[in-house]
Q: 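Questions regarding the structure given below will be posed in turn.
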Amino acid sequence: MSTKPTINFASENYAGVQPDMMKALADANHGLARSYGNDEYTAEAIDELKNTFGNDIDVYFAFNGTGSNNFGLAAITQRHHSIFCTEVAHLYVDESTAPESFIGCRIYVVPSDSGKIIPQGLRNTIKRAGDIHHPQPKVVTITQPTEYGTVYTIEELKELKSICIENNMLLHVDGARYFNAAVALNKNLKAMTNDVGVDVLTLGGTKVGMMFGEAVIFFYKNPDHRHKYNLKRSMQLASKNRFISTQFTAILKNDLWKKLAAHTNNLAKEFEKRIAAVPSITVAHPVETNAVFLKMPVAIHEKMQEHVYFYYWNELKEEVRLIFSFDNTIEEIDQFIDLLNQYTKA
């Protein structure tokens with residue numbers, strides 16, 4: 001009789017709800033609250049986000065990453081525009097046809113290195129502005145940290161923003177694991193967004209331990225307040241919005257996000273140290289946040305699946321991905337290494 005794996009290194013989505021998030025949900029689950037974001041919990045969360053990112057922002061809450069990305073991008077584009085991202089971007093690879101069908105823009109992929117856009121590659125890809133026969137360049141969207149767990153430095157962000165300014169484009173950040181990137185850079189959240197000219201940030205909550213929910217933050221002027229209408233149009237307006245927003249208050253107060261992100265980043269670093277002694281297994285990309293990519297034969301991965309959930313990421317390159325969640329432990333890493341040693345030496 002087969003048994004299910006007891007260790008999860010596949011995704012934060014496998015994990016439960018972080019206790020502080022669950023408490024925030026339980027605390028909000030008393031009495032009445034106005035609907036559609038007109039409640040005191042949402043007002044408090046917006047205040048916390050403004051204290052964190054700056055007062056001159058617009059904040060909206062969404063159910064999930066795909067919905068928040070598509071809402072954020074649709075709010076700043078028109079259907080004759082084009083969007084530029086890497087060939088491994090979640091928007092391009094893992095959001096089905098939602099960007100094409102909902103946003104309606106052409107998506108162009110840009111050369112990357114371990115998930116990060118190569119600036120000259122971006123410059124070479126942006127073409128034919130003003131040509132009526134061609135989609136008009138409008139947005140560069142990056143993932144921070146990238147799909148490979150690597151992090152854009154402040155200098156790299158500024159360079160990408162300068163390219164956007166040169167081409168009259170906007171900069172969008174998919175921040176599904178944004179807190180991990182901030183801890184990796186040892187920067188506050190404002191320094192990585194407002195201070196470097198990010199126009200729109202999709203701030204992830206689910207990956208850090210929330211039950212569900214993302215925040216979409218606009219950093220540029222919105223005089224006609226059209227974003228709230230686009231939120232409804234995108235089907236991301238929650239009737240009981242307090243249960244999304246209250247979790248963001250919990251994660252921002254007392255810098256809980258730093259504690260959680262530091263824990264998962266440190267686990268990845270510890271894993272990198274321990275894996276170095278395992279034969280036939282090598283690290284495929286720099287380990288900078290809570291993700292580790294390994295070169296691993298398919299046969300070994302299949303054997304390990306009996307004990308541990310983790311993804312085979314790229315079959316052509318024999319890459320696997322491990323992601324560390326708030327509830328993972330050093331002991332689980334040791335168990336993984338022991339199992340791997342058994343299979344690689346067999």
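The analysis underlying the following values was restricted to heavy atoms, covering all of them including side chains, and did not include hydrogens, waters or symmetry mates.
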Q: Are more than 12 heavy atoms, taken from residues, nucleotides or ligands other than Tyr229, located less than 6.0 Å from that residue's OH atom?
A: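 No, not enclosed.
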Q: Could you check Lys207 against Asn13 for side chain to side chain contact (heavy atoms under 4.5 Å, CB included), going step by step and ending with a plain yes or no?
A: CA-CA 6 Å; Lys207 298 291 192 294; Asn13 296 335; 3.6 Å; yes
Q: Decide whether a cation-pi geometry holds between Arg242 and Phe61; the criteria are a distance under 6.0 Å from NZ or CZ to the six-membered ring centre and an angle within 45° of the ring axis.
A: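 Not satisfied by the 6.0 Å and 45° rule.
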Q: For residues 52-72, which residue pairs qualify under salt bridge (charged side-chain N to carboxylate O under 4.0 Å, His left out), counting only residues two or more places apart or in two chains?
A: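 Passing the test, one end in residues 52-72: Asp56-Lys221.
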Q: Would a hydrophobic clustering, with Ile, Leu, Val, Met, Phe, Trp and Tyr connected at side-chain separations under 4.5 Å, put Met21 with Tyr41?
A: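 Met21 and Tyr41: separate clusters.
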Q: Search all heavy atoms of Thr246 against all heavy atoms of Ala28 and return the closest pair with its distance.
A: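 Closest approach of Thr246 to Ala28: CG2-CB, 4.0 Å.
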Q: For Gly65, does its backbone N or O pair with a side-chain atom of Ser68 as donor and acceptor, under 3.5 Å?
A: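 Flag set: sc Ser68 to bb Gly65 pair under 3.5 Å.
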Q: Distance only, no hydrogens: is a donor on one side chain within 3.5 Å (strictly under) of an acceptor on the other, for Asn266 and Glu270?
A: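 Distance-only check fails for Asn266 and Glu270.
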Q: Write down the atom of Leu252, the atom of Leu49, and the distance for their closest heavy-atom approach.
A: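 Looking at all heavy atoms of both residues, the shortest contact is CD1-CD2, 3.5 Å.
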Q: Please check: side-chain N/O of His307 versus main-chain N/O of Met304, any donor-acceptor pairing under 3.5 Å?
A: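 Not a single qualifying donor-acceptor pair exists.
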Q: Keeping Glu306 on the side-chain end and Pro5 on the backbone end, is there a donor-acceptor pair under 3.5 Å?
A: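 Not confirmed, Glu306 side chain does not pair with Pro5 backbone.
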Q: Assigning hydrophobic clusters by single linkage (Ile, Leu, Val, Met, Phe, Trp, Tyr; side-chain heavy-atom cutoff under 4.5 Å), is Val208 placed with Val216?
A: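 Different clusters: Val208 never reaches Val216 through Ile, Leu, Val, Met, Phe, Trp or Tyr contacts under 4.5 Å.
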Q: From the options Thr202, Ile107, Leu91, Val200, select the one residue that forms a side-chain contact (heavy atoms from CB on, under 4.5 Å) with Leu73.
A: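 That would be Leu91.
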Q: Hey, is the main chain of Thr146 close enough, under 3.5 Å, to the side chain of Thr150 for a donor-acceptor pair?
A: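 Not at all, since once roles are kept as given, no pair shorter than 3.5 Å links the two residues.
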Q: Under the rule for ring pair (Phe, Tyr, Trp, His ring centres under 6.0 Å), what residues qualify as partners of His134, not counting sequence neighbours?
A: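 By the ring pair (Phe, Tyr, Trp, His ring centres under 6.0 Å) rule, His134 matches Tyr108.
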Q: According to a 4.5 Å side-chain heavy-atom criterion applied to Ile, Leu, Val, Met, Phe, Trp and Tyr, with indirect links allowed, do Val198 and Leu203 form part of one hydrophobic cluster?
A: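 Yes, it is one cluster - the side chains of Val198 and Leu203 are joined through contacts under 4.5 Å.
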Q: Does the His301 side chain pair with the main chain of Phe310, one donor and one acceptor, at a distance under 3.5 Å?
A: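 It does hold such a pair.
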Q: Between Ser35 and Ser239, is there a donor-acceptor pair closer than 3.5 Å when you use the side chain of the first and the backbone of the second?
A: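 Judged by distance alone, no pair lies under 3.5 Å.
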Q: Would you find more than 12 non-hydrogen atoms of other residues, nucleotides or ligands less than 6.0 Å from Asp131 atom CG?
A: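 For Asp131, atom CG is crowded (more than 12 foreign heavy atoms under 6.0 Å).
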Q: Stepwise, does the side chain to side chain donor-acceptor pair (under 3.5 Å) test hold for Asp338 with Gln342?
A: CA-CA 6 Å; Asp338 289 343; Gln342 292 177 34; over 6 Å; no
Q: With Ser245, which of Ile46, Val59, Asp39 fulfils side-chain contact (heavy atoms from CB on, under 4.5 Å)?
A: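 So the option named by the test is Asp39.
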Q: Between Gln18 and Leu260, what is the shortest heavy-atom contact and its length?
A: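 The answer is NE2-CD2, 3.9 Å.
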Q: Does Trp257 reach the side chain of Val183, with side-chain heavy atoms less than 4.5 Å apart?
A: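 Side chain of Trp257 against side chain of Val183, heavy atoms only: contact under 4.5 Å found.
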Q: Hey, quick one: are Leu122 and Ile165 part of the same hydrophobic cluster, counting side-chain heavy atoms closer than 4.5 Å, chains of contacts allowed?
A: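 Hydrophobic grouping puts Leu122 apart from Ile165.
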Q: For Thr66 and Ala98, which heavy atoms make the closest approach, and how far apart are they?
A: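 Reported closest heavy-atom pair: CG2-CB, 4.0 Å.
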Q: Any side-chain to backbone donor/acceptor pair from His263 onto Asn328? Under 3.5 Å, distance only.
A: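 Confirmed, His263 side chain pairs with Asn328 backbone.
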Q: In the hydrophobic cluster built from side-chain contacts under 4.5 Å, what are the other members alongside Phe293?
A: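 Answer for Phe293: Val88, Tyr148, Trp313.
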Q: Look only at the side chain of Glu319 and the backbone of Tyr312, and say whether a donor-acceptor pair between them is shorter than 3.5 Å.
A: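 Such a contact is absent between Glu319 side chain and Tyr312 backbone.
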Q: Tell me every residue that passes ring pair (Phe, Tyr, Trp, His ring centres under 6.0 Å) with Tyr178, counting only those two or more places apart in sequence or in another chain.
A: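 By the ring pair (Phe, Tyr, Trp, His ring centres under 6.0 Å) rule, Tyr178 matches no residue at all.
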Q: Assess whether salt bridge (Lys or Arg N to Asp or Glu O under 4.0 Å) is satisfied between Asp27 and Lys23, documenting all intermediate values.
A: CA-CA 6 Å; Asp27 290 345; Lys23 183 179 185 302; 2.8 Å; yes
Q: Quick one: does Asn341's side chain get under 4.5 Å of Pro279's, heavy atoms only?
A: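 In short, these two side chains touch, coming nearer than 4.5 Å.
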Q: So, does Asn8 use its side chain to make a donor-acceptor pair with the main chain of Ser11 at under 3.5 Å?
A: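 Such a contact is found between Asn8 side chain and Ser11 backbone.
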Q: Considering residues, nucleotides and ligands other than Arg34, do more than 12 of their heavy atoms fall under 6.0 Å from its CZ?
A: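 No, because the 6.0 Å sphere around CZ of Arg34 holds 12 heavy atoms or fewer from other groups.
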Q: Take Thr52 and Lys190 through the side chain to side chain contact (heavy atoms under 4.5 Å, CB included) test and state the conclusion after the steps.
A: CA-CA 6 Å; Thr52 301; Lys190 182 174 179 289; over 6 Å; no
Q: Starting from the C-alpha separation in whole Å, work towards a yes-or-no answer on ring pair (Phe, Tyr, Trp, His ring centres under 6.0 Å) for Tyr343 and Phe336.
A: CA-CA 11 Å; Tyr343 288 130; Phe336 184 97; over 10 Å; no
Q: Does atom NZ (Lys240) have a neighbourhood of more than 12 heavy atoms from anything else shown, all under 6.0 Å?
A: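 No, not enclosed.
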Q: What's in the same ILVMFWY side-chain cluster as Tyr311, cut-off under 4.5 Å, chained through other members?
A: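 Tyr311 shares its hydrophobic cluster with Tyr14, Tyr309.
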Q: Quick one, Ile118 with Val110, criterion side chain to side chain contact (heavy atoms under 4.5 Å, CB included). Give me CA distance, side-chain angles, the key distance, then yes/no.
A: CA-CA 8 Å; Ile118 299 171; Val110 180; 5.9 Å; no
Q: Show, in sequence, the C-alpha distance, side-chain angles and deciding distance for Thr206 and Glu12, and conclude whether the side chain to side chain donor-acceptor pair (under 3.5 Å) test is met.
A: CA-CA 8 Å; Thr206 308; Glu12 303 97 330; over 6 Å; no
Q: Take Asp199 and Lys161 through the test salt bridge (Lys or Arg N to Asp or Glu O under 4.0 Å) and record every step on the way to the result.
A: CA-CA 9 Å; Asp199 295 291; Lys161 179 60 180 182; 2.9 Å; yes
Q: Nearest heavy-atom pair of Thr264 and Phe326: which atoms, and what distance?
A: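 Heavy atoms only, the tightest pair is CG2-N, 3.6 Å.
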Q: Decide if atom CZ of Arg274 counts as having more than 12 heavy atoms of other residues, nucleotides or ligands within a radius under 6.0 Å.
A: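 Enclosed: over 12 neighbouring heavy atoms sit under 6.0 Å from CZ of Arg274.
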Q: Using ring pair (Phe, Tyr, Trp, His ring centres under 6.0 Å) as the criterion, list what pairs up with His90, not counting sequence neighbours.
A: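 For His90 there are no ring pair (Phe, Tyr, Trp, His ring centres under 6.0 Å) partners, ignoring immediate neighbours.
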Q: Got a sec: does the CD of Glu166 have more than 12 other heavy atoms crowding it under 6.0 Å?
A: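 Above 12, so yes.
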Q: Using a 6.0 Å cut-off, check whether atom CZ of Phe212 has over 12 heavy atoms from anything other than its own residue.
A: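 Yes, the 6.0 Å shell around CZ holds more than 12 heavy atoms from other groups.
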Q: So if you build clusters from Ile, Leu, Val, Met, Phe, Trp, Tyr with side-chain heavy-atom gaps below 4.5 Å, do Leu256 and Ile244 land together?
A: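 Linked within one cluster.
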Q: Search all heavy atoms of Ala284 against all heavy atoms of Lys295 and return the closest pair with its distance.
A: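 Closest approach of Ala284 to Lys295: CB-CG, 4.3 Å.
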Q: Decide yes or no for Lys158 and Glu155: does some side-chain heavy atom of the first lie under 4.5 Å from some side-chain heavy atom of the second?
A: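 No, side chains not in contact.
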Q: If you apply the rule side chain to side chain contact (heavy atoms under 4.5 Å, CB included), what do you find for His172 with Asn69, and how did you get there?
A: CA-CA 9 Å; His172 167 264; Asn69 278 339; 3.5 Å; yes
Q: Could you check if a side-chain atom of His285 sits within less than 4.5 angstrom of a side-chain atom of Glu147, using non-hydrogen atoms only?
A: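 When only atoms from C-beta onward are counted, Glu147 and His285 do not touch, as no gap falls below 4.5 Å.
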Q: Is it true that a side-chain atom of Glu100 and a backbone atom of Ile103 form a donor plus acceptor pair closer than 3.5 Å?
A: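 Not at all, since once roles are kept as given, no pair shorter than 3.5 Å links the two residues.
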Q: Quickly, which of Ile163, Val140, Val139, Leu160 forms a side-chain contact (heavy atoms from CB on, under 4.5 Å) with Met169? Name it, please.
A: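 In the set Ile163, Val140, Val139, Leu160, the residue that makes a side-chain contact (heavy atoms from CB on, under 4.5 Å) with Met169 is Val140.
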